[in-house]
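Report on one structure; see the data block that follows.
Every chain is numbered from 1, with letters handed out A, B, ... down the list of sequences.
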Number of protein chains: 2
Amino acid sequence: MAITMKDVAEKAGVSIKTVSRVVNNQGEISAETRQRIEAIIAELGYRPNLVARSLITQRTLTIGLIVVDITNPFFAEVARGVQDVARQNGYNVLLCNIDDNLHEQQKALESLAAHSVDGIILFPLEYYDDRLLSFVNQYRPVVLINHLLQHPNVAVVLLDGAHGVQQAVNHLLERGHQEIAMLAGPKPITGRGQRLQGYQTALQGQGLADSANRVIFSIPTQAQGYEQSKQLLSQHPHITAIIAYNDLLAFGVIQACRELNIVIPDQCAIVGFDDIYFSNLVHPALSTVRVNKYEVGQQAMTRLLTMINDPKLTISPIKLGVELIVRESS
Amino acid sequence: MAITMKDVAEKAGVSIKTVSRVVNNQGEISAETRQRIEAIIAELGYRPNLVARSLITQRTLTIGLIVVDITNPFFAEVARGVQDVARQNGYNVLLCNIDDNLHEQQKALESLAAHSVDGIILFPLEYYDDRLLSFVNQYRPVVLINHLLQHPNVAVVLLDGAHGVQQAVNHLLERGHQEIAMLAGPKPITGRGQRLQGYQTALQGQGLADSANRVIFSIPTQAQGYEQSKQLLSQHPHITAIIAYNDLLAFGVIQACRELNIVIPDQCAIVGFDDIYFSNLVHPALSTVRVNKYEVGQQAMTRLLTMINDPKLTISPIKLGVELIVRESS
DNA sequence: ATCCTTAACGTCAACGTTGACATGACTATA
DNA sequence: TATAGTCATGTCAACGTTGACGTTAAGGAT
């Protein structure tokens with residue numbers, strides 16, 4: 001079907017190995033032979049079969065990227081950063097969506113391992129997943145985004161979520177808000193999560209205790225933001241500001257306020273997180289914590305490449321800065 | 001490094017072929033042997049090596065998806081549809097962004113061919129690309145989205161762009177608009193493009209000639225929409241309505257109007273195309289032509305699977321309906 | 001004339017599977 | 001009791017490359 005080295009070799013009257021050498025620019029070859037073979041390669045349109053090559057080199061030039069949902073512009077932008085660096089280095093990217101389903105995360109990890117990807121970039125739902133650990137242990141490098149895990153084969157790219165949310169809370173406090181709720185996103189099985197922690201420390205710093213009923217966990221989608229904030233604002237009318245785990249949740253809050261005739265930001269101020277592209281286009285324009293999503297992707301892929309090329313290297317975590325962007329919603 | 005069939009076979013005291021048979025549920029195997037081997041597989045955590053399997057079966061269980069830019073929510077939603085169907089059928093997806101760069105399209109096609117993907121789904125910049133044709137000819141099935149190409153190995157998923165834009169134009173005419181411009185997106189090298197055609201026929205149907213200066217081609221991004229419409233509206237203040245090739249362009253128009261203090265929809269009505277998620281959240285909420293993006297992806301992947309599983313099959317083009325959604329911008 | 005070096009190739013096995021075919025034991029049938 | 005048929009398993013080559021190592025001829029040094 002496709003043209004193989006054998007075809008090229010026969011036509012050139014040389015051994016397959018010789019063709020291999022010109023394809024890989026390796027070993028000693030006379031200029032004349034090289035030119036002749038290159039001409040034949042061009043003529044026949046030969047392309048090396050990467051799967052055969054992978055079988056022997058144990059490299060597929062493919063990495064896996066596991067995101068919650070590519071439909072969320074946050075992940076799309078990160079993916080773009082990953083892809084661009086990957087492509088520049090001759091790598092391809094297998095993309096998996098797992099929604100908020102730990103089982104899907106496991107399936108994705110298994111599938112990628114079966115495909116022998118050279119490494120994985122993961123926004124983990126749960127980073128201590130057994131499969132992840134076994135993958136990491138006996139297999140290939142992994143870059144974790146937004147979760148810290150110490151392991152020789154794991155590099156980590158962190159967002160300074162705590163700091164970002166602290167800035168947001170302080171900003172709201174300065175504007176005189178006293179009752180600030182948080183839509184805290186998915187509930188972490190262990191620990192509190194960076195952003196929630198930022199919320200709580202900022203409030204405690206002001207001597208304001210956090211009460212559990214002002215923190216709500218949910219899947220971080222607009223629909224959930226709408227549902228949760230509608231309920232929250234109806235039941236607790238004294239709340240004057242809401243911080244959301246991400247912009248999609250914040251969009252849901254905007255929607256709820258519109259429906260409840262709550263004026264933003266006068267009656268309820270809103271701050272999101274991520275600064276996805278559309279935060280500046282919604283009405284009112286959303287105040288949010290900006291993350292350089294593209295850079296997150298670039299950094300992750302760069303780190304992964306470093307580990308792939310030198311497995312012995314230990315890579316220290318990097319924490320990317322974030323920045324509060326105040327727009328109309330606060 | 002990883003566990004192979006050989007390891008399992010040795011531990012079970014059987015031949016590799018026997019292990020292969022239980023892994024693939026094929027051939028006759030005694031229940032006892034099967035159980036014993038399955039136990040060992042579970043114990044060792046053996047996973048079949050797909051690249052080795054691919055080498056012999058000539059199938060990689062991988063398809064390529066080439067989009068302009070995954071950062072555009074339109075493509076992200078289509079990708080999601082593709083991914084979900086792919087995953088349900090045991091397939092993985094290699095994602096490539098090509099922006100508006102024909103050269104990148106070629107590189108992506110070559111890269112995917114080198115990786116021996118089982119098929120490709122492509123939003124073509126130019127569908128008669130040599131590499132695409134050679135790929136299609138000597139290689140594997142392709143699904144083209146939004147472009148028609150007759151070829152035994154090519155299936156096609158079309159959006160009824162012409163009809164959608166016609167609806168939009170008629171809607172604007174009904175509202176009394178006479179001077180309707182179009183930001184027509186990337187200029188097709190051949191033909192006019194469905195959406196532009198819909199624009200022109202709708203106008204001609206009303207006896208309104210289309211003049212070239214009301215049609216502007218550009219890359220379909222918000223930035224371009226902003227630039228082009230700002231210029232257009234300054235130079236031609238009599239224009240009272242703009243139809244955009246996609247919602248991102250329309251967002252740019254909104255931005256330009258805001259800056260020029262043009263009131264939407266009174267002084268300038270705007271209609272987009274795609275109905276991406278955020279069209280309902282911008283201010284004013286964008287009138288647009290709804291495309292079922294997720295279904296586009298599902299249909300494309302389903303068709304690709306059909307062709308992969310039965311290469312002889314010829315698949316007739318499908319044209320998915322679109323629907324005008326009138327919101328606040330018109 | 002002999003030995004050594006080196007450039008320019010070639011040979012062979014291996015990567016981890018699967019397909020085609022072979023084998024041996026056992027069962028059923030005439 | 002010989003024969004065919006079936007079940008359960010084994011053997012071997014092949015998929016398209018590359019790594020390790022071998023070979024050959026030319027040329028230079030001694």
Starting at the 5' end of DNA chain D and moving along, which residue's nearest nucleotide shows up first, A:Val19 or B:Arg36? B:Arg36
Start at the 5' end of DNA chain D and walk down; is the nucleotide closest to B:Glu28 or to A:Leu55 reached first? B:Glu28
Any [X] side-chain N or O less than 4.0 Å from OP1/OP2 of [N]:
| X | N | result |
| --- | --- | --- |
| A:Thr57 | D:dT18 | no |
| A:Ser54 | C:dC15 | no |
| A:Asn49 | D:dC15 | no |

Listed nucleotide nearest any side-chain atom of [X], set [options]:
| X | options | result |
| --- | --- | --- |
| A:Ile16 | C:dT17, D:dT18, D:dT9 | D:dT18 |
| A:Ser15 | D:dT18, D:dG16, C:dG10 | C:dG10 |
| B:Thr4 | C:dT18, C:dG16, C:dA8 | C:dG16 |
| A:Thr33 | C:dC9, C:dT17, D:dG16 | C:dC9 |

The residue, A:Thr18 or B:Ala52, whose nearest nucleotide of DNA chain C is more 5′ is A:Thr18
5' priority, DNA chain C, between B:Arg53 and B:Arg21 [closest heavy atom]: B:Arg53
Could you state the [atom1]-[atom2] distance from [X] to [N], rounded to the nearest angstrom?
| X | N | atom1 | atom2 | answer |
| --- | --- | --- | --- | --- |
| B:Gln58 | C:dT17 | CD | P | 17 Å |
| B:Arg59 | C:dG16 | CZ | P | 24 Å |
| B:Gln26 | C:dT17 | CD | C1' | 11 Å |
| B:Lys17 | C:dT23 | NZ | C1' | 15 Å |
| A:Ile3 | D:dT17 | CD1 | C1' | 16 Å |

Between the side chains of B:Gln83 and B:Arg87, does any donor sit under 3.5 Å from an acceptor? no
Just checking, is any N or O donor in the side chain of A:Thr62 or A:Asn92 under 3.5 Å from an acceptor N or O on the other one? no
Quick one: do B:Glu110 and B:Lys107 make a salt bridge, cutoff under 4.0 Å? no
Among A:Val82, A:Val157, A:Leu144, side-chain contact (heavy atoms from CB on, under 4.5 Å) partner for A:Ile121: A:Val82
With the side chain counted from C-beta on, respond yes when B:Asn49 and B:Thr4 share a heavy-atom pair under 4.5 Å apart, and no when they do not. no
